[in-house]
Each structure stands twice: as C-alpha cells, then as structure tokens.
Amino acid sequence: MHFSRLIQDSLVLGLGLASLAAAMPKQIVARQSTWNPPSNLVTPLQQVWDHEVATYSNALGFKNYGYDQVMANGGYLNFCVRWDSSQNLSEAQRAQILTALQRSMKKWIDWLVGFDGFPYSSVPVNIVGYAVKSTSQLQGSTSGYDVYTTKDSGGIPECDPRCGRFFHQDGNYGSCPGGAARHYDQSLWLTDGFSGGAGGDWGQRIGTEYFLGAINSENIHILLHEMGHTFALDDFYDWTPTGVSNFIMLAGSSTVITDFDGWMMRDWWRHLKSRYNLSTPTSTTTTSRTTTAASTTRTTTPATTTTAVRTTTTTTTTRATTTGSSGGSPLYGQCGGTNWTGPTTCAQGTCTYSNAWYSQCL
C-alpha cells in the first residue's frame with residue numbers, strides 16, 4: 001500500500017496566524033526551466049527526497065499522484081465535493097467553493113509552469129458533482145453537476161466510485177453513468193466538526209466550518225497543505241530538514257506555500273516526468289467542464305459499487321510514512337483497515353476507526 005493515506009494533520013491553532021503570516025516567506029515562483037534550486041535549499045531538498053524514497057512504498061512506481069491525474073486528463077482536474085454536512089448550500093456558495101479550489105490549486109501548479117518540460121501553462125479545475133445526504137440541501141439550480149446520494153459503508157455521502165480515478169486508475173470509466181467526461185480525479189471532503197485536515201491521491205478532507213469561514217481567503221492554509229499531499233509531498237511530524245523551519249508542509253509553521261514547498265514539488269516532477277510522453281505536442285485546456293451536462297441524481301447502492309473496487313485499490317495505496325516500528329504506528333499513522341498488513345497498535349494515541357478501510361492513531 002502507498003499514498004492513499006488519511007492523515008489528520010494536527011495544526012498549531014494557537015500560534016496567532018496574523019503574526020505568524022507576517023514572519024513567513026512569501027511565495028516567489030522562480031521561473032527556472034531546469035533543476036537549479038537556491039543554494040540554501042539544496043541540502044534540505046536532498047534530505048527530503050532521500051527520506052521519501054526510503055519511507056514511501058514504491059515511490060517512483062505509484063501512478064496516481066496529482067501529476068499523473070493532470071497528465072492523464074490532458075491538462076485539467078475534475079473534483080467531486082463530498083458534502084458531509086447538515087447545512088444547505090446555495091448556488092453562490094457552490095460558486096465560491098469552485099473559486100477557492102481553482103485559486104488554491106493554481107498556487108501549486110504555478111510552481112510547475114515553465115519548469116523542466118511541464119507542458120501546460122495552466123491547469124483548469126472543475127467541479128463535476130456533489131455527494132449529499134439529501135438533494136434538497138443543494139439550493140437553486142444544480143445544472144452542470146451530477147448529484148450523488150451514494151453513501152459509503154459508514155453512511156457518509158460519497159461520490160460514485162464508478163466515476164472516481166482513485167477506484168479506476170487505469171482510466172477506464174466505462175461503468176460511470178456519465179462516462180469518462182463526468183469522472184472525478186479528487187474529492188473535496190467537507191465534514192462538519194472535523195479538526196485539522198487529511199489528504200492524499202484521493203483528494204482532501206477538511207472541516208466544513210473552517211473551509212466556509214476561509215473560503216474567500218487568499219491562502220486557505222489547511223487546504224493548501226492537504227493538496228501538497230496529493231502531489232506526493234510528505235508530512236514532517238518527527239523531523240525537520242536542515243536549515244528550513246517555515247513551510248506549508250510543516251503543519252502549523254506557515255500559512256502560505258513557500259519556495260521550499262515549491263522546490264519539493266518540482267523535485268517530484270523531474271523524477272516522474274520520464275513516465276509521460278512529453279515529446280508529443282500538448283495544448284492547455286481552458287474551457288470549463290462543469291456545464292457540459294445537465295444535472296442528474298445518482299443513487300447507486302454502495303454494496304454494488306464500492307466494496308470490490310476498494311478491495312483491489314487499497315492493496316497498492318497507503319500513507320507515505322508507514323513505519324515498521326515494533327512499538328506500533330506513530331501518531332496519525334494507519335493502524336487498521338481492509339487489507340492493512342501493518343501495525344494494529346499505536347506507539348502514541350489510540351487506534352480510532354474511520355471507515356472499513358482505514359483506522360488511524362489519534
């Protein structure tokens with residue numbers, strides 16, 4: 001298993017974000033076209049890469065990182081929103097959610113534009129569907145969205161697995177009711193009362209209250225952190241690279257993507273780019289894909305759409321920082337779930353059930 005881990009990032013909420021942000025380096029997207037990081041970042045970048053290769057399972061063989069999703073689509077990303085909330089959503093709020101996703105993803109993608117053969121000048125982000133407890137929660141017109149009332153085994157709204165890339169990493173969406181054009185690459189999972197965040201190749205999970213409160217902010221820092229995980233970037237719970245102490249992937253230390261975060265992302269791209277046929281001319285996709293189909297409601301039964309797929313998928317995906325310590329999984333590590341073969345006890349925290357496929361030390 002590799003990068004589909006569900007990690008709750010315990011952010012330092014009492015730091016005083018206003019004063020913290022003032023001390024943080026601003027995002028400066030250097031437009032170098034080749035690998036030439038600032039001299040002060042060379043050593044920590046190498047330390048991070050060596051650590052990731054040593055601790056990730058099949059780091060360079062896994063093929064559902066955010067880079068893979070962008071390249072498989074030809075330069076865009078589709079999201080489905082899991083509205084794990086009792087609140088209603090207006091059309092205006094749904095427009096704000098899309099804008100927030102677009103703005104946040106752009107901050108990461110900007111680090112790849114013009115760098116080392118990356119073929120796109122922008123990566124449009126689209127929302128193709130919503131999963132809700134009740135269709136009545138989506139107020140106003142839902143034209144352009146697939147509306148799912150599918151539930152996972154825990155009874156939580158879930159975007160139809162038949163349309164999800166996490167479940168169909170071969171790109172075969174033949175069973176998706178709307179076809180390949182209506183597939184989703186990632187889920188934005190918004191959960192009432194959820195503290196911190198979680199992220200992986202499947203998407204991002206953060207609290208509804210936090211997200212809606214920050215929806216118009218320039219930097220929704222928990223979302224930015226979790227998107228970093230989608231692009232294979234690690235957590236730093238138990239160590240810090242030499243000479244760097246403030247960056248978005250070090251939870252609680254920065255509210256913005258820093259140069260170090262950006263160069264870590266570039267490091268992954270330069271190691272992965274050989275898997276793509278970059279000699280073929282490409283063009284950037286600029287049209288929105290959220291209005292290409294009329295709204296439909298999906299009410300598929302979880303037992304017929306999720307179990308078999310999850311069983312085969314989770315054998316090849318997991319969190320990046322799995323440990324073999326005989327003392328059990330570390331804090332925020334995985335400690336159980338279908339097909340999980342790692343530790344089932346916690347060196348710190350309590351093994352807490354999340355769903356049939358994932359339990360975590362909290």
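Quick note: residue numbers are just sequence positions, from 1.
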Heavy-atom check, side chain of [X] versus side chain of [Y], under 4.5 Å:
X      : Y      : answer
Met265 : Leu112 : yes
Asp84  : Lys133 : yes
His271 : Glu52  : no
Pro241 : Gln46  : no

Search all heavy atoms of [X] against all heavy atoms of [Y] and return the closest pair with its distance.
X      : Y      : answer
Arg270 : Asp267 : NE-OD1, 2.7 Å
Leu250 : Ser253 : O-OG, 2.7 Å
Val113 : Ser121 : CG2-O, 3.5 Å
Ser245 : Thr240 : CA-CG2, 4.4 Å
Gly75  : Pro124 : O-CD, 3.2 Å
Phe79  : Leu188 : CD2-N, 4.0 Å

Any donor-acceptor pair under 3.5 Å linking the side chain of [X] with the backbone of [Y]?
X      : Y      : result
Asp68  : Tyr65  : yes
Glu158 : Thr150 : no
Gln69  : Asn64  : yes
Lys63  : Gly61  : no
Tyr130 : Thr142 : no
Gln47  : Thr242 : yes
Asp185 : Asn78  : yes
Asp261 : Thr258 : yes
His229 : Glu226 : no
Asp160 : Arg162 : yes

| message | Please verify the inter-ring angle class for His51 with Trp239; under 30° counts as parallel, over 60° as perpendicular, anything in between as tilted. | response | tilted

Quick one: [atom1] on [X] to [atom2] on [Y], what's the gap to the nearest 0.5 Å?
X      : Y      : atom1 : atom2 : answer
Cys176 : Tyr184 : SG    : OH    : 8.5 Å
Ile215 : Thr99  : CD1   : OG1   : 8.0 Å
Leu77  : Ile109 : CG    : CD1   : 6.5 Å
Gln137 : Ser90  : CD    : OG    : 13.0 Å
Leu101 : Arg103 : CG    : CZ    : 9.5 Å
Thr230 : His225 : OG1   : NE2   : 10.5 Å

For the hydrophobic clusters of this structure (ILVMFWY residues joined by side-chain heavy atoms under 4.5 Å, transitively), does one cluster hold both [X] and [Y]?
X      : Y      : value
Leu233 : Leu60  : yes
Val42  : Phe260 : no
Tyr173 : Tyr76  : no

| Taking the six-membered ring of Phe194, is the NZ or CZ of Arg205 close enough (under 6.0 Å from the centre) and on axis enough (within 45°)? |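 Checked: cation-pi criterion met.
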
| field | Partner of Trp269 under ring-ring contact (aromatic ring centres under 6.0 Å, His included), chosen from Trp111, Tyr276, Phe231, Phe115 | value |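 So the option named by the test is Tyr276.
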
Does the ring centre of [Y] sit less than 6.0 Å away from the ring centre of [X]?
X      : Y      : value
His221 : Tyr210 : yes
Trp268 : Tyr67  : no
Trp263 : Phe247 : no
Phe166 : Trp189 : no

| Candidate pair Lys106 and Ser122, rule side-chain contact (heavy atoms from CB on, under 4.5 Å), full reasoning | CA-CA 8 Å; Lys106 183 178 185 299; Ser122 64; over 6 Å; no

| said: Could you walk me through whether Cys163 and Cys80 satisfy the disulfide bond (SG atoms under 2.5 Å apart) test, starting with their C-alpha distance in whole Å, then the side-chain angles of each, then the deciding distance to 0.1 Å, before giving a yes or no? | reply: CA-CA 10 Å; Cys163 302; Cys80 187; over 6 Å; no

| request: Please assess Trp108 against Leu224 for the test side-chain contact (heavy atoms from CB on, under 4.5 Å), listing each intermediate value before the final yes or no. | output: CA-CA 8 Å; Trp108 282 112; Leu224 291 173; 4.3 Å; yes

| task | Carefully, step by step, assess Leu89 and Ile97 under the rule side-chain contact (heavy atoms from CB on, under 4.5 Å). | result | CA-CA 10 Å; Leu89 265 180; Ile97 290 173; 4.1 Å; yes

| said: Under a 3.5 Å cutoff, is there a donor and acceptor pairing between the side chains of Asp192 and Thr208? | reply: yes

| task | Please step through side-chain contact (heavy atoms from CB on, under 4.5 Å) for the pair Lys107 and Asn219, ending with a clear verdict. | result | CA-CA 9 Å; Lys107 289 180 181 295; Asn219 293 285; 3.3 Å; yes

